[in-house]
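Structure record follows, encoded as structure tokens.
Just so you know, residue 1 is the first one in the sequence shown, and it goes up from there.
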Amino acid sequence: MDAISLSIFANRIDAICGEMGATLQKSAFSPNIRDRLDYSCAIFDAQGELCAQAAHIPVHLGSMAFAMRDVVSVYDWSAGDMMVLNDPYKGGTHLPDVTLIAPLFIADELTGFVVNRAHHADIGSETPGSMPLSSSLSEEGLIIGPAFIVKDDEIVENYFHSVIKNMRNPLESAGDFIAQIAANRRGLQRLKALITKMGLEDYRRSLERLNDYAATLAKNSLAGADKKLIADGEYYFADVLDDDGQGNRDIVIKVRVAFAAGNITVDFSGSEEQVVGNINCPLSVTAAAVYYVFRCLMPAQTPACAGSFRHIVIIAPEQTFLNASFPAAVAAGNVETSTRVVDVVLGALSQVMPERIPAASHGSMNNLAMGYAGDKPGAIPSWPAWDYYETIGGGMGASNISAGLDAVQTHMTNTLNTPIESLEMKYPLRIRCYRIRQSSAGAGKHYGGEGLIREYEFLAPAQVTVLSERRSHQPWGLVGGGNAKAGINTLNGRVIAAKQSLTVEAGDVVSIATAGGGGYSAAILSPESLPDNCY
């Protein structure tokens, strides 16, 4: 296959993932999927190896790429099947992220899979928004599958209703599940048409060639033949998370990044043991953050397939909070811990290539979950039950070539904000303030990006959960650049914890002020100019 044909093939399968995403967005009921675009779509081969993905959510995509082989290898698949799962210890990330997997058969032969993953704001948790301040997985909502939700191309009604009945708004939840089914059906249709046109053997040879090309491109871009990009050696970095929401503070995360002839080992030995709070994460989430960092360093034309990560080995000892064991709580691990994994891997790489590494970004997805669980039995309803969840942007870290961007989602999240009009139309909320947080960025020749301030006035009683980071520890600057300001959460002007669950009444105001990004200076590159965390 010549280079032009390979490029056309890669774009064709990428386009299928993009069309799956468009189908999911346009069909979904909830603002979380329809407006925030909190979903991802990908294609895998018959062995569960990644073939293509759309530019959706890094934490979704990387974790699917890491875990799908183990998921698909243990089940007997038939044409017309579709499997659903959200169990973090069986291929998921955290319970709100629901994955649907559909096999493709060509001439009665298993040829591959199409997959989508979408965030459900209501997954049956007792706390509205399904992002609770939890200490075990069972507190975080309904654990799903893996189980077949579709057989013989028909929804398994009994199972489907057994899932939906756990939700506060079953109509909206059912709509989102059916939108995911529709997205996979579109993917199967388009992938089957492509394979039929190419021929099955040509399709498989093209995938093999694509993976080989991706592996070569990735290896050469990270440690070229002249060794001028990343010199062989070992590089270390350490950081801490603020807390786990259950009284444990300054949770240590350490990494050793080793390069040897183009092979990369990322070792998290020495990081904190599994904790009580929900900042634990399965190994697939840790892997997703590692993959993201190195994917950013690869050329833009590197195919998004398994070959891109062939030379990366990840080590995280079992029962540490980066490779947690059942039944550890994981709701915030997917969002907060994954972001800190990015920070430490970038920090280690800053020692060998500071001109290509940015300072720390705001370091949190600034998760806000809220809703109304309903009145006591027999009471006159004061407001229908509702669930809502969103992430809030902040400042991006500055780099050698530019200042950081203001008020954006960074790294492991790639969602939009929910438009104020949509939020206020659907829920008993009023957004009192939504603006850039001035003077929150780290200083330097290139300033970091500024954070955000978003204030929510509640028009009815509600339960609110905040899961945030970088409230105690500032995002670090790089090469002499200044640290950014930490974030602040308040209720009616009173500071509240980085991770807290609270009840609000009509008229109460919750304000989330997010951290800025670290600054980058043009100082002479030397060990003294690197972050203090390097060791």
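Relative orientation of the F148 and W77 rings is perpendicular, given thresholds of 30° and 60° on the angle between their planes. Using cut-offs of 30° and 60° on the angle between ring planes, the pair F177 and H120 is tilted. Between Y89 and F326, the ring planes are perpendicular. Angles over 60° get that label, and only those under 30° would be called parallel.
For the 3.5 Å distance criterion, the side chains of N116 and Q180 qualify, holding a donor opposite an acceptor. Checking T339 against E469 by side-chain atom types alone, no donor-acceptor pair falls below 3.5 Å. Using modelled atom types and a 3.5 Å distance limit, the side chains of T415 and D38 yield no donor-acceptor pair.
Although no hydrogens or angles enter the test, the distance criterion places no donor-acceptor pair under 3.5 Å between the side chain of D35 and the main chain of T418. At least one donor-acceptor pair under 3.5 Å links the side chain of T514 to the backbone N or O of L452. Side-chain atoms of E49 never come within 3.5 Å of backbone atoms of D45 as a donor-acceptor pair (strictly under, hydrogens ignored).
Ion pairing of R186 with E19 is present here, as a side-chain N (NZ or NE/NH1/NH2) and a carboxylate O approach within less than 4.0 Å. In this structure, D242 does not pair ionically with R340, as no charged nitrogen and carboxylate oxygen lie closer than 4.0 Å. Salt-bridge annotation for R470 and D343: present, with a side-chain N of the basic residue lying under 4.0 Å from a carboxylate O of the acidic one. No salt bridge links E336 with K499; every basic N to acidic carboxylate O contact stays at or beyond 4.0 Å. Salt-bridge formation is detected for the pair D153/R185: a Lys NZ or Arg NE/NH1/NH2 atom is positioned less than 4.0 Å from an Asp or Glu carboxylate oxygen. Remark: R205 engages D202 in a salt bridge, criterion side-chain N to carboxylate O under 4.0 Å.
Within a 6.0 Å sphere centred on CD of E318, other residues, nucleotides and ligands contribute 12 heavy atoms or fewer. Counting heavy-atom neighbours within 6.0 Å of K90 NZ, excluding the residue itself, gives a total of 12 or less. In K26, the NZ atom is not crowded: 12 or fewer heavy atoms of neighbouring residues, nucleotides or ligands sit closer than 6.0 Å.
At least one side-chain heavy atom of P88 sits less than 4.5 Å from a side-chain heavy atom of L137. The shortest distance between side-chain heavy atoms of F9 and R209 does not fall below 4.5 Å.
The shortest non-hydrogen separation linking G187 to M20 is CA-CG, 3.5 Å. Across every non-hydrogen atom of A304 and Q53, the tightest pair is CB-CG, 3.5 Å.
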Give the intermediate values and the outcome of side chain to side chain contact (heavy atoms under 4.5 Å, CB included) for residues F44 and V72.
-> CA-CA 10 Å; F44 294 81; V72 304; over 6 Å; no

Between H119 and H94, is a ring-ring contact (aromatic ring centres under 6.0 Å, His included) present by the stated rule, with each step listed?
-> CA-CA 9 Å; H119 187 107; H94 63 175; 5.4 Å; yes

